[in-house]
Amino acid sequence: MAIPMLDLKKQYEYMKEDVDAAINRCLDHQRWIFGPEVSELELAVSSYIGTKYCIGVSSGTEALVLSLRALAIKTKGQEYFDRKDKIITTPFTFTATGDAILRAGATPVFIDIDPTTYNIDTNIVREYLDSHSENVVGIVPVHLYGQSCQMDEIMLLADKYNLFVVEDVAQAFGGKWKDRKLGSIGTTGCFSFFPSKNLGGFGDGGMVATDDEEIAELIRMLLRHGGKDKYNVDHIGYNARLDTLQAAIILAKLKYIDEFNEGRRKVAKIYNDTLKDIEEIILPAEISDTYHVYHQYTIWVKNGKRDELQRYLKDRGISTMVYYPVPLHKMKVFNKRCIIYGSLKNSEKAVESVLSLPIDPFLERNSIVKIVTILKDF
Ligand SMILES: *Cc1c(COP(=O)(O)O)cnc(C)c1O
């Protein structure tokens with residue numbers, strides 16, 4: 001039988017009683033918009049993450065857009081940033097990270113990754129800011145694959161240059177930097193409940209975490225058309241609410257998240273132990289000070305053999321994925337709308353070399369052994 005990237009059916013079976021009960025409660029009360037589960041989830045996540053406020057939104061992408069729009073309103077007193085306003089981020093991420101910066105009116109500055117963690121290289125961020133800080137308003141670090149960026153360094157630079165930090169935590173719910181949960185360190189933290197994420201719903205959903213009351217209030221307005229009263233609005237808004245039904249499902253799943261993240265870490269450990277002697281690949285590095293939640297288990301395939309290996313595995317019933325095949329600065333949408341700082345060679349090499357192997361909390365040891373055996377055959 002083929003091995004998928006992740007097995008959502010198994011996860012559902014494990015939590016079926018809780019999830020079904022949550023859905024049934026919604027069927028009973030029929031309060032589909034801003035039902036009680038939305039604020040229950042907001043409270044539960046803010047106590048889990050450790051921030052004063054959490055605001056449910058319609059997706060991880062909207063969490064980023066709303067954070068940035070609220071920051072434009074708060075810091076500039078205008079609806080959008082100006083094109084001259086620069087926001088630093090990584091080109092090795094999902095499109096939505098950079099797209100949110102464009103949608104908020106600003107210009108993304110792409111800075112290369114550290115190839116050992118796949119996260120933005122803070123040495124280059126420092127170098128850029130020390131020479132080009134004019135008009136830089138913020139940083140959007142992405143905790144890729146479930147591992148934290150170097151948050152001490154990022155917060156230090158943000159302090160020094162008076163920048164906001166919007167954490168993209170879409171892939172790292174439950175991950176930590178030292179003893180702090182990711183999403184609680186920056187000005188805001190943006191989560192996604194897309195079904196395949198570590199904490200996924202049965203459709204789209206997202207959340208913003210923040211300690212800043214004004215930002216929280218602005219986001220609450222923006223997500224409901226731009227005003228406290230939707231029939232008399234203040235700002236250019238969106239319809240970006242989190243559905244009651246999604247909130248109820250995610251709330252039911254929240255109590256399993258630590259167990260599931262531990263399950264992912266166990267799978268990663270077995271991969272690490274069994275793949276460690278293969279010279280042709282580089283295993284994911286777990287850096288100190290981080291609690292990696294392995295949204296993906298991603299290897300680096302040397303010698304230009306990635307595509308060949310992927311095909312070999314596919315022909316033998318093993319699914320794999322390439323996250324991501326195109327760096328943001330090579331996409332048409334960012335053409336002439338971004339700033340490229342220095343060489344982005346590590347990102348450009350990564351898109352050709354990375355391969356994510358199946359990982360989920362229920363991946364069994366014998367499936368992992370099968371994957372590893374076929375990989376070694378290759
Ligand atoms: C999934 C993801 C998003 C977007 O989240 P959606 O809920 O799909 O809108 C943003 N950034 C990263 C890094 C992601 O992986």
Side-chain angles (χ1 to χ4, degrees), residues 2-49 54-66 94-96 145-146 168-175 183 189-209 223-224 238-264 267 293-296 319 321 323 356 358-363:
I3 301 175
M5 279 300 286
L6 82 169
D7 192 338
L8 288 176
K9 274 190 194 157
K10 264 193 199 150
Q11 292 190 27
Y12 169 60
E13 276 158 29
Y14 190 75
M15 302 177 286
K16 186 172 170 25
E17 233 173 275
D18 288 308
V19 171
D20 288 3
I23 293 172
N24 281 324
R25 275 194 296 278
C26 293
L27 292 172
D28 286 339
H29 69 51
Q30 292 284 318
R31 292 167 64 190
W32 302 114
I33 303 295
F34 292 131
E37 287 83 358
V38 175
S39 47
E40 283 168 33
L41 178 69
E42 290 174 345
L43 285 174
V45 174
S46 58
S47 89
Y48 180 86
I49 297 293
C54 271
I55 306 110
V57 295
S58 56
S59 69
T61 305
E62 297 312 295
L64 291 163
V65 173
L66 268 63
F94 182 53
T95 327
Y145 304 148
D168 183 338
V169 208
Q171 302 191 0
F173 195 103
C190 300
F191 296 93
S192 165
F193 302 133
F194 185 84
S196 66
K197 301 290 161 82
N198 288 31
L199 181 62
F202 292 178
D204 282 306
M207 189 155 279
V208 182
L223 72 86
R224 59 184 87 187
Y238 308 83
N239 177 354
R241 300 173 293 238
L242 176 64
D243 283 348
T244 305
L245 191 60
Q246 295 307 332
I249 292 162
I250 294 151
L251 190 59
K253 291 177 75 171
L254 181 63
K255 74 174 200 206
Y256 296 95
I257 188 66
D258 288 341
E259 182 188 341
F260 282 14
N261 281 340
E262 271 301 306
R264 287 172 180 276
V267 171
V293 290
Y294 289 97
H295 175 60
Q296 299 298 340
S319 316
M321 288 292 283
Y323 299 115
S356 298
I359 189 163
D360 83 57
F362 292 93
L363 188 64

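Counting begins at 1 with the first residue of the sequence.
- Looking only at distances, a side-chain donor or acceptor of Lys253 sits under 3.5 Å from a matching main-chain atom of Gly200.
- Looking at heavy atoms from C-beta onward, Gln11 lies in side-chain contact with Asp360 at the 4.5 angstrom threshold.
- Here the CH2-SG distance, from Trp32 to Cys26, works out to 5.5 Å after rounding to the nearest 0.5 Å.
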(Q) Apply side chain to side chain contact (heavy atoms under 4.5 Å, CB included) to residues Asp18 and Tyr256 and explain how you reach the verdict. (A) CA-CA 10 Å; Asp18 288 308; Tyr256 296 95; 2.3 Å; yes
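- Between Phe173 and Phe193, the angle of the ring planes lies from 30° to 60°, which puts this pair in the tilted group.
- In plain terms, the two heavy atoms of Gly35 and Thr244 that are nearest each other are N-OG1, 2.9 Å.
- A side-chain donor-acceptor contact under 3.5 Å links Asn198 to the backbone of Val293.
- Asp243 has its side chain out of reach of Val38: every pair of non-hydrogen atoms, C-beta onward, lies at least 4.5 Å apart.
- Smallest separation of non-hydrogen atoms from Gly201 and Ile249: CA-CG2, 4.5 Å.
- In this structure, Ala96 and Thr61 approach most closely via the heavy-atom pair CB-OG1, 3.5 Å.
- A cation-pi arrangement is absent between Arg264 and Phe362, since the terminal nitrogen or guanidinium carbon is not both under 6.0 Å from the aromatic centre and inside a 45° cone about the axis.
- One distance of note links CG of Leu6 with CG of Leu8; it measures 4.5 Å at 0.5 Å rounding.
- In this structure, the separation between SG on Cys54 and CG on Leu242 is 11.5 Å, given to the nearest 0.5 Å.
- Formation of a donor-acceptor pair under 3.5 Å by the Ser319 side chain with backbone atoms of Ile3 is found in this model.
- Side-chain contact between Glu62 and Leu223: absent, with no pair of heavy atoms (C-beta onward) separated by less than 4.5 Å.
- Using a 4.5 Å heavy-atom threshold, the side chains of Val208 and Phe191 count as separate.
- The shortest heavy-atom contact between Gly146 and Ala172 is CA-CB, 3.8 Å.
- Here the CD atom belonging to Glu37 is positioned 11.0 Å from the CD1 atom belonging to Ile23, to the nearest 0.5 angstrom.
- Residues Asp258 and Tyr48 bring a donor and an acceptor atom of their side chains to less than 3.5 Å of each other.
- The distance from the CG atom of Asp168 to the CG atom of Leu64 is 5.0 Å, given to the nearest 0.5 Å.
- The distance between the ring centers of Tyr145 and Tyr294 does not fall below 6.0 angstrom.
- How far CD1 of Ile257 is from CD1 of Ile250: 11.0 Å, rounded to the nearest 0.5 Å.
- Ile49 and Ala209 get closest at one heavy-atom pair: CG2-CB, 4.4 Å.
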Q. Do Asp20 and Tyr12 pass the side-chain hydrogen bond (donor to acceptor under 3.5 Å, both in side chains) test, and can you show the C-alpha distance, the side-chain angles, and the key distance before you say yes or no?
A. CA-CA 10 Å; Asp20 288 3; Tyr12 169 60; 2.6 Å; yes
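- At a threshold of 4.5 Å between non-hydrogen side-chain atoms, the residues Tyr14 and Glu259 count as touching.
- Counted within 6.0 Å of CD on Glu17, heavy atoms from surrounding residues, nucleotides or ligands total 12 or fewer; the atom is thus considered open.
- Just one residue in the list Ser356, Pro358, Ser196 forms a side-chain contact (heavy atoms from CB on, under 4.5 Å) with Gln296, and that residue is Ser356.
- Checking side-chain atoms of Gln246 against main-chain N and O of Phe202 turns up a donor-acceptor pair under 3.5 Å.
- Using a 4.5 Å heavy-atom threshold, the side chains of Ile55 and Glu42 count as touching.
- Heavy atoms only, all atoms of each residue included: His29 and Arg31 are closest at ND1-N, 2.9 Å.
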